[in-house]
Amino acid sequence: MNGVDSTQMNNSKVKHEPSALSAVRAIAARELREHLSSARFRLISATTLILVALSTLAGIFNYRVQAEQYRMDLARNEQKLHEATTWSEIQPLLVRPPAPLMILNSGFETRDGRVTLASNSQIPAMTEDAPVGAPSLARFGEFDVTTVLIYLLGLLAVLLSFDAVSGERERGTLAFSFSNSLMRWQILLGKYLGGMLALALALAMSLVIAIIVWLVSNVHLPGAMWPRIMLWLAALLLYLSAMFWIGLLVSVLTRRASTSLLVAMLAWFALVLFIPVVAAFASRQLAHAPSSYVLIKEIQNLDKELEDKSAEFKKSLGATPESEGFAISLEQGVSMNFYSPESYAWWLKYYEGRVRFEREYAQKVYQAIKKFQDQNRAQSEWAFMLAAVSPVAHIERVSNELTGTSRDDTYYFFEAARRYQQTLVAFYDANHLTTNLSWISDDPPNTQSPFPKTSGLDKMNDEDSEKTVELGKQLYAQVLAERASGKRTLALNTLPRFDYTPQPVRRALAQVSASSCALLLINLLSAAAAFLKFRRYDVRLSGRGA
Amino acid sequence: MSAIYWRELKELLRSLRFRVAACIFLLGMAVNGFVMAGVYRELFEMHREIETKGDERIREAASHVESLAINFNEIFGVSGQAEVLTLSAPPPKILPIVAGAELGGLQAVEWNFPDNVEPADLGIGNQELPVRPVLDWEFMVRILLSFVAIILSYDTVVGERERGTLALTLAYPVSRRRVLLAKLAAIMTLLGWLLVAGSLLSIFIYLGKGGGALAATDYARAGLFDLGASLYLAIFVAVSLMVSSRARSSVSSLTTLLIFWIAVTIVIPQGGTAAVQGSVTTVSDVQVEQRVMQQLEGQVNELVGEMDSFIHSNPEEARRENYASERNYARRVNQMIATIKASLDEQQESHRRQARVVQNVLRLTPAGLFQIGSERLLGVGETRERHFLQAVDRWSGIYTRFVEDEDMLDADSPHIFYVQNFMSSRAVDPNAVPRFKFEEIPISQSLKNSLLDWSLLLVELAVALCLSFAWFARAPVSQARS
């Protein structure tokens, strides 16, 4: 009877033993409520939302400028192609389209220009134009949505977690939790989930604000961007999770909330601000990279080499057959040269050699640029390695890749441009264009010189020289009319065109696998350390150092 | 009062937070000295090369008075050798201190005879790296030491109250104001030592690794910088004391101060700068090109129309007409050069305007004031650029007058400036040709330039101190029962 009674009493007093997961859920819910009503969460979230709105506006403004530049460059390319009258003038401008997600993350998008050239004498490796817009005056880098989220939400993560354990211990409520026969790991996990839910909420609200600003600004949001945006959010959550675990670890390692805050702040400062800056700075001396000044000098030397070689080759061909006709300035520095068929033949022989030199030169210039870029990339890898302990270095890299604004995206573009240049050269060779008169002149083949054989205007008498100049002007007007009416245009319909699609998402994912693993590793290590330390955590209010 | 002072000092000195902060700061200063030495050498090599090449070209051109003009006029230089002359300023020897402003590369212009200048991009910088602030002294003080100042002083009052020793401290026969002063002095002493130690360490390594040999004025500037830094840090300490007196717990004190710190050093300057860049536009290179093309179109057509007569004139006839067509040509060409210069100057003015607005926005926070004040005190950044451009302007005037004077000495010369074959072809002593030499801004002028910013900082400090005294006077002595 007693046994039955006591069992009944026990059953009425003690509620149904909570399952492991529901206990965690309960703790998480309580934590979430506490976070949402805390001043620090509200203050920092509010600031974040305002700054996200502002930085989205800034991003949209920058994107518009870039898109406008892109359209203008494409139009300029078409115009140049149509204006060209000889095949050697054809220098297609290859333009890199702006990444729409630069609105959320500026990355390396505006560090370079958009345009590169491909031709017989140039392998695309660098941009020709300077980036549009004034160089960034902000010393911490561009003010974009990702930067705001990394700094402020990362800070929030640490501020929510630093007193999760030590604060409760001080208030005395931690010991109380154990009276409910909760396991230590449940408490910690519950706190983690509660905090992460609060952070996820802040992140989601930021995204909503950004999307609203985006839509209101009438900038088209391509549907294909959504997978990237989702992945970017996931990466940010992984980063915030890492920061949260670090904060929890600090909380578990210290006994008083004020100590926790101090250590957490020092850790935040070191990881977010100090280490990336020192790493980038130290890499300058640890892995020396040449300045662009040196590269420009090298290219200038190669230029001179090319011209010297061409001049030598010209001399080796013997004297130029006298060209009947002469330079007549007829409009804005344009001169008309009239050549005899012998002259044309001589020039074709010269250009045959010159084309070969140009291709050699293009290779040498490309190698010089490649070496320069490789050395600079090695230095930046050093900087990244030195800062590898900081989650910020990793999330920045992942963000850049996923939004399509990383260095890899730029190099992907140049790879495509180089392949196009090879297609172009193959096209020239297949159609024998470099050994054809149309390489250097839009005169119809077998053109006869209209001029009597003389040796220059200054050797003629006045009457003849006047007649010759008149004839020259007439002929020029005729050529202009023919060009205007399209009789002398190049057959551009067979010219291969540059068709570019940016790097696909799966390739971007492959590039970020290392950094994502690093973030995951930081998460796991901090979590493991926190769990282990918490097992021995002295939850009593009294005892060593209250 | 001195008892309190020494007690605070000893406590802080022994505390873990001070030791960690000191280690981080000294490490940063060491790296700073080490890397800046390398940067200085690189920039100095570049400058020397440019100077040597410029000197060679002038020596070559000195063989004919005419060449001294047309060899350096790329816009209308008919000679095949016409090329701009690059003029550069040597890197400032006190590079470690405010290098952020100078690290983009050398201060340099491409100079076109007689007076067209375009900024030259002699960049050193890795495009592969994400943009990061440069680890110069100014960054270390503005970001790291201000943070350390807060860390050291956030719990001066509220911490004592929590520990229960505040009543004891106030029991001394000293006024509350003196107590606060003692605490302030203790923290500032520590920060001062740290500052000096870091400065010496950085300079030592910098000089040892081959950085520029420092002159007396450079040391003076470094000293003044440290003084200014103390002023800046004192503001943070004063604000911390203020918050510490009023806060309910040390945790809330630190949290409040943290938010204050982020707003003042990062959010407001960054956001403000970005806002200005979005709203105050500058004239782009493309726009300059378009504008120049537009304005020159008419002038070029006229010139080309008259070119025939110019080309076909024979020397005898030309002399008889007193070189009328050549003078006309020269007049037109000089007109066009002036048009181009006007456009380039307009572009530079627009950049300067934007920079001025950014500066005024930065002045909203102590961090911005410190940044601007340091740059001006050390004679770098925007003031240096302006000083350099003024020096180039002065030199090009002297150089042009020299060429014209030398030409006038030759009786056979037609004196048509600046047309090839119509100026003197006499040789000139290459050593007599005036060379461009850049003088750094004298320290007295730097002080004058930066006076406004330091004064504003002083005012802010005074306000912060008054408030902290006022609040401390009313601070409760014991923990309120919660």
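No hydrogens, no waters, no symmetry mates; every other heavy atom, side chains included, goes into these values. Since this is a predicted model, take the numbers as computed values, not measurements.
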Query raised in the report: Tell me, side chain or backbone of B/Y154 under 4.5 Å from chain A's heavy atoms, or both, or neither?
Result: side chain

Query raised in the report: So, do A/L273 and B/F147 sit near enough that their side-chain heavy atoms are less than 4.5 Å apart?
Result: no

Query raised in the report: Are any of the side-chain heavy atoms of A/H288 and B/E42 separated by less than 4.5 Å?
Result: yes

Query raised in the report: So, the side chain of A/R111 versus the backbone of B/L129: is there a donor-acceptor pair under 3.5 Å, distance only?
Result: yes

**Report entry** Heavy-atom check, side chain of A/F281 versus side chain of B/P133, under 4.5 Å
**Finding:** no

Query raised in the report: Is there a side-chain contact between A/F269 and B/L144 (heavy atoms, below 4.5 Å)?
Result: yes

Requested in this report: Answer whether the closest heavy-atom distance between the side chains of B/F34 and A/Q285 falls below 4.5 Å.
Outcome: yes

**Report entry** Contacting region of A/W382 [heavy-atom separation from chain B under 4.5 Å]
**Finding:** neither

Query raised in the report: Which region of A/E381, side chain (C-beta onward) or backbone (N, CA, C, O), has a non-hydrogen atom less than 4.5 Å from a non-hydrogen atom of chain B, or is it both or neither?
Result: neither

Requested in this report: Counting only heavy atoms closer than 4.5 Å, note whether A/I296 contacts chain B via side chain, backbone, both or neither.
Outcome: neither

**Report entry** Sub-4.5 Å side-chain heavy-atom contact between B/W261 and A/M265
**Finding:** no

Query - Considering all heavy atoms, the nearest B/V39-A/R284 contact - result: CG2-NE, 4.0 Å

Query raised in the report: How many angstroms lie between atom CG of B/L254 and atom OG of A/S258, to the nearest 0.5 angstrom?
Result: 9.0 Å

Requested in this report: Mind ranking B/V35, B/N32, B/I24 by heavy-atom pairs under 4.5 Å with chain A and telling me who comes out on top?
Outcome: B/V35

Query raised in the report: With no hydrogens and no angle check, do the side chains of B/E128 and A/N376 hold a donor and an acceptor under 3.5 Å apart?
Result: no

Query - Proximity breakdown for A/F372 and chain B, heavy-atom pairs closer than 4.5 Å - result: neither

Query - Atom of A/A282, atom of B/V31 and distance for their closest heavy-atom approach - result: CB-CG1, 4.1 Å

**Report entry** Non-hydrogen side-chain atoms of A/R407 and B/Q127 separated by less than 4.5 Å
**Finding:** yes

